[in-house]
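Everything below concerns the one structure shown next.
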Amino acid sequence: MPVTFSMALPRDPGAGSLARQAVRDRLGEAVPAATLADVTLVVSELVANAVMHGAGEIGLRLEVDGLSVKGEVIDAGSFERPIRESGRVDGVGGLGLFIVAQLAQSWGIRDGTAHVWFEIPVDGAGGPVAATPDPGRPAAGELSDA
């Protein structure tokens, strides 16, 4: 059964908690627990990045089609932070996109924006992960603006 939802999040430290709760409420019955955990963590990391580094309103959109969960976190800022190449934890912060790359089958950033998208297979088993973002994608699998 397809599930689609979107919500606006406040630009404050509580945004991540609101997003996690919304993911659990909306997707908890639609996807297996392992997929729900991955989606919740990815959304939490992307919302935290938007709060810390973005500008303007934060939007979250998710769509489940039975095969995958497609999501987007959007704000009015621009994407300028480097992506850490490894999981080394010798510094504070900076691992959010590394975590996204480990959990998502594919993910990317719309060129020149702070519009980050991801796709996670529903069964949690997907193909190879995308270690670097794919700017501009997804065109064919893009979430609707509804």
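Computed over heavy atoms, backbone and side chain alike; hydrogens, waters and symmetry mates excluded.
Partners of Gln21 by side chain to side chain donor-acceptor pair (under 3.5 Å), not counting sequence neighbours, listed by chain and number: Arg24, Asp25. Evaluation of the side chain to side chain donor-acceptor pair (under 3.5 Å) rule for Thr40 yields no partner, not counting sequence neighbours. Partners of Arg26 according to the side chain to side chain donor-acceptor pair (under 3.5 Å) rule, which considers only residues two or more places apart in sequence or in another chain, do not exist here.
Screening Leu18, Val31, Leu36 for a side chain to side chain contact (heavy atoms under 4.5 Å, CB included) with Val23, the sole residue that qualifies is Leu36. Tested against Asp75, the residues His53, Glu57, Arg11, His115 include a single side chain to side chain contact (heavy atoms under 4.5 Å, CB included) partner, Arg11. Tested against Val73 for a side chain to side chain contact (heavy atoms under 4.5 Å, CB included), the candidates Asn49, Val100, Leu46 yield a single pass: Leu46.
Using a 4.5 Å heavy-atom cutoff, the side chains of Thr35 and Val64 are not in contact. Ile120 has its side chain within reach of Val42: a pair of non-hydrogen atoms, C-beta onward, lies under 4.5 Å apart. At a threshold of 4.5 Å between non-hydrogen side-chain atoms, the residues Leu62 and Val3 do not count as touching. For the pair Leu67/Val122, no side-chain contact is recorded, criterion being any heavy-atom separation below 4.5 Å from C-beta on. Contact check for Phe118 versus Leu103: no side-chain heavy atoms found under the 4.5 Å cut-off.
With rounding to the nearest 0.5 angstrom, the CD1 atom of Ile74 is 11.0 Å from the CG atom of Leu9. Rounded to the nearest 0.5 Å, atoms CD1 (Ile109) and CG (Leu97) are 6.0 Å apart. One distance of note links CG of Asp65 with CD of Glu119; it measures 7.5 Å at 0.5 Å rounding. To the nearest 0.5 Å, the span separating CZ on Phe98 from CD on Glu45 amounts to 11.5 Å.
Taking each heavy atom of Ala76 and Gly56 in turn, the nearest pair found is CB-CA, 4.1 Å. Residue Ala15 comes nearest to Val51 through the heavy atom pair CB-CG2, 3.8 Å, listed as atom of the first residue, atom of the second, then distance.
Taking a 6.0 Å sphere around CE of Met7, one finds it holds more than 12 heavy atoms contributed by other residues, nucleotides or ligands.
Hydrophobic clustering places Val116 together with Phe5 (ILVMFWY residues linked when any side-chain heavy atoms are closer than 4.5 Å, directly or through intermediates).
Remark: side-chain polar atoms of Arg20 are not paired, donor with acceptor, to backbone N or O of Leu41 under 3.5 angstrom.
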